[in-house]
Protein chains: 2
Amino acid sequence: MGVQFHNGNVKPSLHAFMGTTLPGSRPGLGMEAPLGIFGDRAGDDTAVLDAMGEARLFDRDQSLFAEGDAANAVYRVMDGLVRLYKLLPDGRRQIIGFLRGGDMMGLAAGERFAYTAEAVVPSTVRRIPRARVTALMDERPALARTLLAAMTAELMAAQEQMLLLGRKTAREKLATFLLANDERAQDASGRIDLPMSRTDIADYLGLTTETVSREFTKLKTARVIRLMEGGKVELVDRDTLSELAECA
Amino acid sequence: MGVQFHNGNVKPSLHAFMGTTLPGSRPGLGMEAPLGIFGDRAGDDTAVLDAMGEARLFDRDQSLFAEGDAANAVYRVMDGLVRLYKLLPDGRRQIIGFLRGGDMMGLAAGERFAYTAEAVVPSTVRRIPRARVTALMDERPALARTLLAAMTAELMAAQEQMLLLGRKTAREKLATFLLANDERAQDASGRIDLPMSRTDIADYLGLTTETVSREFTKLKTARVIRLMEGGKVELVDRDTLSELAECA
DNA sequence: CGATACCTTGACAGGAGTCAACTGGCGTGG
DNA sequence: CCACGCCAGTTGACTCCTGTCAAGGTATCG
């Protein structure tokens with residue numbers, strides 16, 4: 001008995017993670033800012049931010065900050081991969097985003113962080129004190145617009161993720177995840193680099209490790225993807241994957 | 001056999017919906033802006049916004065705009081209740097937020113809206129062209145900060161909702177929902193006004209109508225809540241409800 | 001090369017979904 | 001005014017997708 005697939009429409013997939021990629025910075029790495037209310041005049045204000053703060057290397061599983069810590073700074077991932085997550089009292093974990101090079105975090109926080117940030121692999125992260133950011137906004141009002149555009153993108157991604165978590169099946173979730181990463185994490189040979197564990201993926205998609213593993217296997221058996229060494233994935237049949245993702 | 005409850009910690013619940021309540025405006029109705037990076041100098045810039053645009057009455061189930069429409073304006077709910085939702089091609093629906101008086105929407109949009117907005121009950125909504133907002137931001141740079149604070153609150157609520165959708169059980173979801181509304185939708189007698197249907201609640205919590213109804217019944221049988229006429233709910237035992245919500 | 005962590009696979013269980021019937025309120029129209 | 005139809009809500013019976021528990025495989029690393 002082969003894997004049975006639903007029918008569905010082929011549509012562009014969601015493309016953004018929770019991380020705020022500043023438009024105009026790191027061309028080719030960051031996602032494009034939506035051409036909305038704030039994005040129309042986004043300059044390269046981020047070049048200023050990049051020169052600020054100190055870059056630091058975080059080891060695998062080392063935390064940048066924890067839920068409840070005072071939110072005194074914003075962070076910018078230069079290289080590597082960072083996970084953001086929230087916990088329930090009994091230990092259930094929901095990953096709310098993965099951040100890659102060029103992404104920012106910590107902008108959307110109150111006095112204290114509402115989530116924990118950890119390096120998935122050794123990662124270089126720049127820490128920028130909040131006072132610096134506010135001061136810079138005073139100097140350059142355009143920066144506020146840039147940040148608004150970045151937060152817009154982040155919020156839209158969050159809404160897309162709510163649709164996924166609330167209404168998609170396990171298979172649709174994984175297919176959506178793979179296609180989202182197809183746009184963000186392709187290496188030179190067109191393969192997707194997924195350095196995070198099955199548990200991480202499960203906690204991001206609202207599933208268990210076992211279910212993620214089973215769905216990976218089914219996609220592999222159906223020749224839709226190929227699992228390569230080093231956690232890389234090759235998308236063999238993107239059309240089928242798009243159908244499976246049920247993207248709006 | 002009575003309803004069996006889990007044990008858990010009593011913690012403050014999530015309190016915000018997807019709507020962006022502008023801090024400083026409509027005291028007592030809007031939620032407080034987090035005292036974060038942008039909120040520290042949020043003035044009453046929103047008074048200016050309130051004077052702009054035209055207020056209009058929308059009937060029950062009438063849409064303000066649909067997913068895919070050009071995002072030419074932002075909207076502010078003056079009175080009533082509005083639902084925001086996304087659809088999958090096959091009709092599955094995820095409500096990403098309910099907006100009450102004082103809430104804004106449409107700030108976080110690209111060229112086109114990524115969700116549909118509909119009045120749940122007859123609602124008065126102010127429509128403010130985007131050009132007005134951008135112009136006003138040029139005049140008053142502080143407005144950008146206010147908007148950033150508002151979007152921060154919205155994003156934090158979205159992340160809390162991701163935790164709910166991805167990791168909470170049906171009972172925990174409903175308990176969380178009731179407590180969230182306890183802070184937002186209390187009437188004079190301390191009861192919660194829930195004008196939306198069971199289907200709306202289900203689509204907001206990632207459940208089905210039947211499951212929502214069953215959990216309501218269980219809470220009622222356990223004397224934790226009382227279902228009143230007119231869609232009102234009285235929270236009899238908030239402590240138990242907090243335990244059930246498993247809020248972090 | 002052994003220890004450990006991660007992944008995969010199998011067997012089984014259970015929570016939520018599906019399908020269906022029944023109830024009650026409400027508006028409409030005979 | 002009351003009957004009817006309609007819709008939302010509730011409840012029951014049953015299904016099934018995903019979770020749980022457990023075992024075995026494989027890669028990594030000291």
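Bear in mind that the values here come from a model prediction, so they are computed numbers and not experimental data. Within every chain, numbering begins at 1; the chains are lettered A, B, ... in the order of the sequence lines, protein sequences first and strands thereafter.
- When the C1' atom of dC17(D) is taken as reference, atom CG of Leu174(A) falls 16 Å away, rounded to whole Å.
- One interatomic measurement links the two molecules: CG of Leu205(B) to P of dA16(C), which rounds to 12 Å at whole-angstrom precision.
- One can place CZ of Phe216(B) at 9 Å from P of dG9(D), the figure rounded to the nearest angstrom.
- Across dG19(D), dA16(C), dC7(C), the shortest atom-to-atom separation from the side chain of Ala170(B) is found for dA16(C).
- A donor N or O paired with an acceptor N or O is found under 3.5 Å between the base of dC19(C) and the side-chain atoms of Glu210(B).
- A salt bridge links Arg92(A) to Glu246(B): at least one charged side-chain nitrogen sits closer than 4.0 Å to a carboxylate oxygen.
- Tested against Tyr204(B) for a side-chain contact (heavy atoms from CB on, under 4.5 Å), the candidates Met196(B), Gln161(B), Lys173(B) yield a single pass: Gln161(B).
- As rounded to whole Å, 13 Å separates atom C1' of dT8(C) from atom CD of Glu215(A).
- Contact annotation for Ser213(B): base contact, defined as any heavy-atom pair under 4.0 Å involving a base atom.
- For the atom pair CG of Leu179(B) and CG of Leu241(B), the computed distance is 4.0 Å after rounding to the nearest 0.5 Å.
- Where Arg60(B) and Lys220(B) meet DNA chain D, the nucleotide closest to each residue was compared, and Arg60(B) sits on the side nearer the 5' end.
- Between dT10(D), dG17(C), dC6(C), one nucleotide has an atom nearer to the side chain of Thr209(B) than all others, and that is dT10(D).
- Heavy atoms of Gly206(B) sit under 4.0 angstrom from primed sugar atoms or phosphate atoms, though from no base atom.
- At dT9(C), one or more side-chain N or O atoms of Thr217(A) fall inside 4.0 Å of OP1 or OP2 (strictly under the cut-off).
- On a pure distance criterion of 3.5 Å, a polar donor-acceptor pair joins the side chain of Arg214(B) and the base of dT18(C).
- In this structure, Leu207(A) places its CG atom 15 Å from C1' of dG15(C), rounding to the nearest Å.
- Here Leu227(B) lies in heavy-atom contact (under 4.0 Å) with sugar-phosphate atoms only.
- Between Phe113(B) and Phe65(B), the two ring planes are parallel [angle under 30°; tilted spans 30° to 60°].
- In this structure, NZ of Lys173(B) is placed 12 Å from C1' of dG17(C), rounded to the nearest angstrom.
- Here the P atom of nucleotide dA16(C) and the NZ atom of Lys218(B) are 8 Å apart, to the nearest Å.
- Between Val212(B) and Arg198(A), the residue anchored closer to the 5' end of DNA chain C is Arg198(A), taking for each the nucleotide with the nearest heavy atom.
- Comment: Asp61(A) engages Arg83(A) in a salt bridge, judged by a side-chain N to carboxylate O separation of less than 4.0 angstrom.
- The CD1 atom of Ile201(B) sits 13 Å away from the P atom of dA8(D) (whole-angstrom rounding).
- Dashed line: the shortest gap from a side-chain N or O of Thr211(A) to OP1 or OP2 of dG19(D) is under 4.0 Å.
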